[in-house]
Amino acid sequence: MARISDERAARWGYTGVAALRNSKKQLAFMVILVMIALWGYAVGMHGKIVGYRDVYSVTREIPWGMLIAGYIFCVVTSTGLCLVSCVGHVFGYEPYMPIAKRSVFLAIVFMLCGFSIIFFDIENPFRMAIWNVISPNFASNMWWMGTLYGLYLVALCVEYYFLLEQNHSFSRAAGFMGVLFGVAAHSNLGGIFGMLYGRQEWYGPYMPIYFIVSAMMSGGAAIIFFTCLARLINPEILDQKQERAINAVRQLTIMLICVIIFFTIWKVLCGIVVPEKYIAIHAFLIGKYAPLFWIGEVLLGFLIPLVFLTISKGVNYKLMFWGSGLMVIGIFFMRYNLVLEGEVVPGFAGLHVMEYPDLLNYAPSFHEVAIVLAGVSMTIFGFMFGEKVFNGHQFQKHEVVPAGAFICPGCGGIHYLKEGETHDEAERRHHKLSFRAPK
Amino acid sequence: MDFNKIDLDNLKEESLDSVSGLERRNFLKMGLMITGLFAGGKILSVVSKVDEVFASTVNFAEQYPYKPHYSMVIREGLCIDCQRCMVACHKTNNVPEYGWRTKILEKITPDAIGRKRGFMPILCNQCNNPPCVRACPTRASYKDQRNGIVRIDSKKCIGCKACMLACPYDARYFNEEKHAVDKCDFCYESRLSKGKKLTACAAVCPTGARIFGDISDPNNVVYKMVHQIEREVWVLRPAVGTKPNVFYMKATNPSPWALRRQPDVR
């Protein structure tokens, strides 16, 4: 591994792998997480060897199950982290700037963990690497989703590198590309469902739109949750700028929860009037999947976080921690329900033949649960690793500020003043916001 | 200011009626293509399918896109659930016991007068607008341009199962032995490409419930069965817009063509 020079380490806030040993308790927790992940992946490899048919509970009628839900959960959160953080460091809204480093790092972690989950869902992942390139189907949303997510991951890595380097021009450009690829990739993920004209429950423009908005909601929840967790690891990271940023994200998240509640209400209302959709909607409203919807999605995903985040007023971190934590769990249920609701009603349900019931059963198998657990453990491990090694994603600590310079309240880097320039103007110049001073 | 008087008698008509269908279609196409550019390829397939619009059961197609255009007519009332077609299919195409390419559905109508049980064979509909082909990221599923059969290039299949999700007819399953999704290909690999004229299921059907042929040939039995108005012909789930090539009709008596068992060589 290439050594990182002291100067660069100082700029990156890199404290070295030795920092992992600071707290024995946390190190032990991380070791446990890695062990869970390794166990889960080993279970997944077992499934790969013996054949998924024997170990997963997916069938020909329900070909996508919990693994796809887990993958969607991870990539949705990743896109959301990217979208919410870009409000600050890409589009220049200052209160959001301090969350950029942690968010982009987490977006990469979530993306990789999402890929690790789908690796165990795709039957021939190695063929994918070859045929996706030499035999692309440009009409396939699946192809666009995979390709654009690949580009998105590259853009995120470049963005993160330049964030570490405090090169804001490049990080901003890469961040902008990340947003473009992220939105395109993610709406294509929604498009996979939305363009299946054989599936009434999903078909239509609703899915891509819903995916993007709910991604931002997930991103907001993840930022609040992981910042609260980071505060538990190192209480010192929450300075004034961070507090302000978290409050801003909290407000956005509350609004997005309301938007998604609105989306969900209309999805249900429209589903009730169409006989084919009604069977699925009925199953999730009062039928056998109702607990998944009411407890998982509505209570954990919407209501509790809405109340907790609102009454926390952005200062009660305990409430925000629980609110956003339960919300993240609720969002997993949302993805799970979303995948399931389009599949539980077989295509031939309307024929009332003996071979196809009106409603199909699905419950995840041990292998599927283990792999999703592995992905989640790996995400939390990645988060803790980042917190430790990059010192809570804090900005460079400036012991001595050179003459004619100041510490930027937005990005934390050192900005030099040109002659006759105010701090504000220097900051705007540095972040390429606008050269005009505000009146 | 001076205004010219409007000559109402010779005014050029600008209502929608004066726009020709062709003009309208071209305009729509242009709009779709421009939208397609921005929609990351999502619209591409919609544009490309415009020209392939194909016979519904009400309007006969003037021209079929493939030659031969393989097609099957299932005469529902004749099926007796002997399942010889399923057995033949498993044997001919090496279908594993956990999967199926064709199946017979059973429907019981307790309130019906007289006959209460009905059987309905199902198989891949070889759609002209196949959702599975559109969903496949690597073109492993494709529409064979020679004969209209939806086929699978097993080596390209990555096993994402998007096609299984896309198929409205539950015609696909994942074949562990092939490491690829598998489905009915009208016995192309096992029989048609080797010179045989019928699919295995049609060849063994003792009652003539499955009639297989080339719908683009006016002398073919399938063409004759579909291109008539005496008996209703329908397709499964027409609202989905897949344009199936498997047609269904009711028949309890021998057909007007006195066809019981379809002869292999015609």
Side-chain angles (χ1 to χ4, degrees), chain A residues 51-54 58-64 68 118 121-148 184-185 187-188 191-200 202-203 208 342-343 346-348 350-356, chain B residues 39-49 96 98-100 103-109 118-120 122 129 131-142 153 155-174 176 179-181 236-237 239-242:
Chain A
Y52 294 157
R53 195 180 63 80
D54 298 321
V58 287
T59 56
R60 76 186 277 161
E61 289 85 16
I62 301 190
W64 284 7
I68 296 288
I118 203 158
D121 184 78
I122 287 185
E123 301 266 358
N124 309 308
F126 300 110
R127 278 189 204 166
M128 184 174 76
I130 303 165
W131 294 105
N132 249 15
V133 179
I134 62 176
S135 178
N137 179 7
F138 296 119
S140 164
N141 299 106
M142 193 82 177
W143 186 86
W144 283 101
M145 188 266 295
T147 309
L148 289 166
S187 54
N188 262 295
I192 291 179
F193 297 102
M195 292 192 75
L196 288 178
Y197 45 100
R199 300 268 177 181
Q200 278 292 311
W202 289 326
Y203 177 70
E343 297 180 275
F348 288 126
L351 290 175
H352 303 294
V353 289
M354 297 187 44
E355 283 74 10
Y356 290 95
Chain B
K42 277 173 247 170
I43 307 297
L44 280 174
S45 64
V46 179
V47 174
S48 65
K49 288 290 173 276
Y98 55 82
W100 52 265
K103 191 173 179 168
I104 298 170
L105 304 181
E106 181 181 351
K107 186 179 179 179
I108 296 179
T109 317
F119 303 107
M120 192 180 112
I122 53 167
N129 180 20
C132 51
V133 169
R134 212 193 64 78
C136 179
T138 55
R139 287 189 285 169
S141 279
Y142 63 100
D153 190 348
K155 68 174 187 296
K156 290 186 185 175
C157 177
I158 65 170
C160 66
K161 299 175 184 172
C163 55
M164 289 165 68
L165 207 61
C167 178
Y169 305 108
D170 193 20
R172 293 169 163 258
Y173 71 98
F174 190 82
E176 301 265 330
H179 281 285
V181 169
L236 295 182
R237 306 190 65 192
V240 175
T242 50

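Below, read A as the first sequence line, B as the second, and so on, with proteins coming before strands; counting in each chain starts at 1.
Within the structure, the salt bridge (Lys or Arg N to Asp or Glu O under 4.0 Å) test picks out the following pairs touching residues 123-140 of chain A (sequence neighbours left out): A/Glu123-B/Lys161.
The choice from B/Ile104, B/Val240, B/Asp170 that makes the most heavy-atom pairs within less than 4.5 Å of chain A is B/Asp170. Per-residue counts of heavy-atom pairs under 4.5 Å with chain A were compared for B/Ala166, B/Cys157, B/Ala239, B/Cys167; the largest is that of B/Cys157. For the set B/Leu105, B/Leu165, B/Thr109, the entry with the most heavy-atom pairs within less than 4.5 Å of chain A is B/Leu165. Contact tally against chain A (heavy-atom pairs below 4.5 Å) for B/Ile122, B/Thr242, B/Leu236: the top residue is B/Ile122. Between chain A and the residues B/Gly159, B/Pro137, B/Ala140, the most heavy-atom pairs under 4.5 angstrom are made by B/Pro137. The candidate with the highest count of non-hydrogen atom pairs below 4.5 Å against chain A, out of B/Glu176, B/Lys103, B/Met120, is B/Glu176.
Defined by atom type and a distance below 3.5 Å, a donor-acceptor pair is present between the side-chain atoms of B/Arg134 and A/Asn141.
When all heavy atoms of B/Met164 and A/Arg199 are compared, the pair lying nearest together is O-NH2, 3.7 Å. Looking at every heavy atom in both residues, B/Tyr169 comes nearest to A/Phe348 through O-CE1, 3.3 Å. Taking every heavy atom of both residues into account, B/Cys136 and A/Ser140 meet most closely at O-CB, 3.3 Å. Between B/Thr138 and A/Asn137, the closest heavy-atom pair is N-CB, 4.4 Å. Nearest heavy-atom pair across A/Gly347 and B/Arg237 is CA-NH1, 3.3 Å. A/Arg60 and B/Ala171 make their closest contact through NH2-C, 3.3 Å (heavy atoms, listed as atom of the first residue, atom of the second, distance).
Checked against side-chain hydrogen bond (donor to acceptor under 3.5 Å, both in side chains), A/Arg53 has no partners two or more places apart in sequence or in another chain.
Neither the backbone nor the side chain of A/Ile192 has a heavy atom closer than 4.5 Å to any heavy atom of chain B. With a 4.5 angstrom heavy-atom cutoff, B/Val181 does not touch chain A via any of its atoms. If you measure heavy-atom distances from A/Thr59 to chain B, the contacts under 4.5 Å come from the backbone alone. The contact between A/Tyr356 and chain B is made entirely by side chain atoms (from C-beta outward), counting heavy-atom distances below 4.5 Å.
Of the possible donor and acceptor atoms, none in the side chain of B/Glu106 sits under 3.5 Å from a partner among the backbone N and O of A/Glu355.
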